[in-house]
Amino acid sequence: MSTGHAETGRLQDLLSRVGAGLDEFLRFEHPDALHPGRRWREHLEIALPRAGIGIDRVTEELVRHVIPNGSSIPRPGFSSFITTGAATAATLASTAASIASPQRYGHTAFNLLEELSLRWLADMFGLNAMQGIYSSGGSVANLLALGAARQSTFERLGQDPAAEGVGRRVGVYASTETHHTIQRSAGVLGLGRQAVRPIDCDRDGRMRVDALRQSIGDDLRAGIQPMAIVGNAGTTNRGAIDPLSALGRVAREHGIWFHVDGAYGLPGVLDERVAPLYQGLELADSVIVDPHKWLGAAVGIGATFVRDRELLRRAFTQEPAPYLEGSMAPGASDASAFQHSMDNFGLPYYDLGVELSAPCRGVVVWALIREIGVAGMRDRIRRHIDMAAHIAQLARTHPNLELMQEPTLSICCFRYVAPGVNDLDLLNQRLHRRLVHENRNMPSTTRLNGSLALRPCFVGERSGMDHARALVADVLRIGAELVTDTDICSPRR
Ligand SMILES: Cc1ncc(COP(=O)(O)O)c(C=O)c1O
């Protein structure tokens, strides 16, 4: 039982037990993990086991104690942040890859799908002629894009920043609504977080082009080298899309790298009602999108696209290592010369980013697109955008709701209002906690122009219009109950 050797030939049986546990989980009849009366910690929190219990009992513990006490994120009514449970195709593909191709290198079907799926993404989102690389998500995808921007900028100044380091101050221009992974990337790349210039937005959360020009001008006068303009194709807070054409033109005028963060919002381009807002994408030098957000991949998949991956290689190469390259067939470069999948690495993704070992992510994206095609993706994106629009419509017309931002994509910012309430922020904060504790319809909150808003963001493949309606019904019910709390209301006359 506990001999240290894996049992073989049992996967079908074991996976079907885990599959049954997951099917049960996806019925969402279980309470939250922290619901009183849930007893899982005492089963799981044990001292280091000296002897093993064997795979059958591990499977049993997984199904009985772990899976049912998992996260609320996969619930169809969960609309917090920008994260969702993996679609079935993604689960199957990543499970398969974990056994059949633990690495993305070698001349295998998995290595091929890594590249094919990147081309499919580029094709689907109109990033023609761009080349991609997967990484763990938007954080690293932005890092890689800005790494390419740094490489390009400094090479033009006659320096190799990857080899020599960065010897001068640069400016990265990003709106105040930009995701903070841009600042972190600047820190990691040795540019300094303060290299990121916060550019003001208009009332709708879109970067102001006049403020951008002003900031670039200030830096040029101060001898600071402009390095990159970051445009958003779907901000995290409210799904705003920056004026990409105008930003791209400013970038071209000054010879500055133009990066577009579409981690969340790039798939919106599939909906022809909002597609015109993405004009200017063709001017981008780099674009990111996270399949693990709106496309339903399991968490751990982001993609960076650039015009020339060679730049990424120069920015991120780990340099050859004798144990790696030396283990492959010497000299051969043409696939027809290989006799074994391990004669060659296939496309060497490990040299284009920051990970050597990495899971096969392409097979997951391939499975997602292969299952429902572009048409299915478009339907899902439209459904989620419709859900945000539906809430906006109710919020515009209902006397107890206030629309705080016209939605662009699948995020709708609104709040509960009632006469006599002194502190709408406190009311909506409490309302939000109640929603979360009820464990059905769970948006996040954000602050818009100083006020607290409820912020559902719909990206889950299991969520539909009924969940948008149910969320609004819950907000109205809980809001009506809370307005009687004396500390948030003036006494009624
Ligand atoms: C616009 C944007 N960029 C980047 C990120 C970071 O992505 P990740 O959480 O996958 O690292 C997020 C996360 O929500 C995002 O919304």
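First listed ligand is number 1; within each ligand, the first listed atom is number 1. All values below come from the heavy atoms of this structure, side chains included, with hydrogens, waters and symmetry mates left out.
At the top of the distance list for atom 16 (O) of ligand 1, counting protein heavy atoms only, stands T236 OG1, 2.8 Å. Considering only non-hydrogen protein atoms, atom 9 (O) of ligand 1 sits nearest to K293 NZ, 3.7 Å.
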Check the pair E272 / R382 against salt bridge (Lys or Arg N to Asp or Glu O under 4.0 Å), numbers first and verdict last.
-> CA-CA 9 Å; E272 68 282 0; R382 285 179 63 95; 2.8 Å; yes

Run the side chain to side chain contact (heavy atoms under 4.5 Å, CB included) check on L347 and L112 step by step: do they pass?
-> CA-CA 8 Å; L347 271 157; L112 179 103; over 6 Å; no

Going through the distances and angles, do F458 and I385 end up as a side chain to side chain contact (heavy atoms under 4.5 Å, CB included)?
-> CA-CA 8 Å; F458 300 108; I385 291 179; over 6 Å; no

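At a heavy-atom distance under 4.0 Å, atoms from both the backbone and the side chain of S139 approach ligand 1.
Within ligand 1, the atoms closer than 4.0 Å to a non-hydrogen atom of G138 are 6 (C), 7 (O), 8 (P), 10 (O), 11 (O), numbered from 1 in the order shown. Every atom of ligand 1 with a heavy atom of A263 under 4.0 Å away is listed here by number and element: 2 (C), 3 (N), 4 (C). In the vicinity of D290, heavy-atom distances shorter than 4.0 Å reach the ligand 1 atoms 7 (O), 8 (P), 10 (O). Proximity to I82 (heavy-atom distance under 4.0 Å) selects the following atoms of ligand 1: 16 (O).
By the 30° and 60° cut-offs, the orientation of the rings of F28 relative to H30 is tilted. Note: Y350 and Y105 have perpendicular aromatic rings, judged against thresholds of 30 and 60 degrees for the angle between ring planes.
For the salt bridge (charged side-chain N to carboxylate O under 4.0 Å, His left out) with E461, the qualifying choice from R380, R383, K293 is R380, the only one to do so. Exactly one of E115, E355, R361 qualifies for a side-chain hydrogen bond (donor to acceptor under 3.5 Å, both in side chains) with Y349. That residue is E115.
Backbone and side-chain nitrogen or oxygen atoms of Y264 are examined, and none is located within less than 3.5 angstrom of a nitrogen or oxygen of ligand 1. Between D261 and ligand 1, an N or O atom pair is found at a separation short of 3.5 Å. In terms of polar-atom proximity, defined here as any N/O pair under 3.5 Å, G137 makes no such contact with ligand 1.
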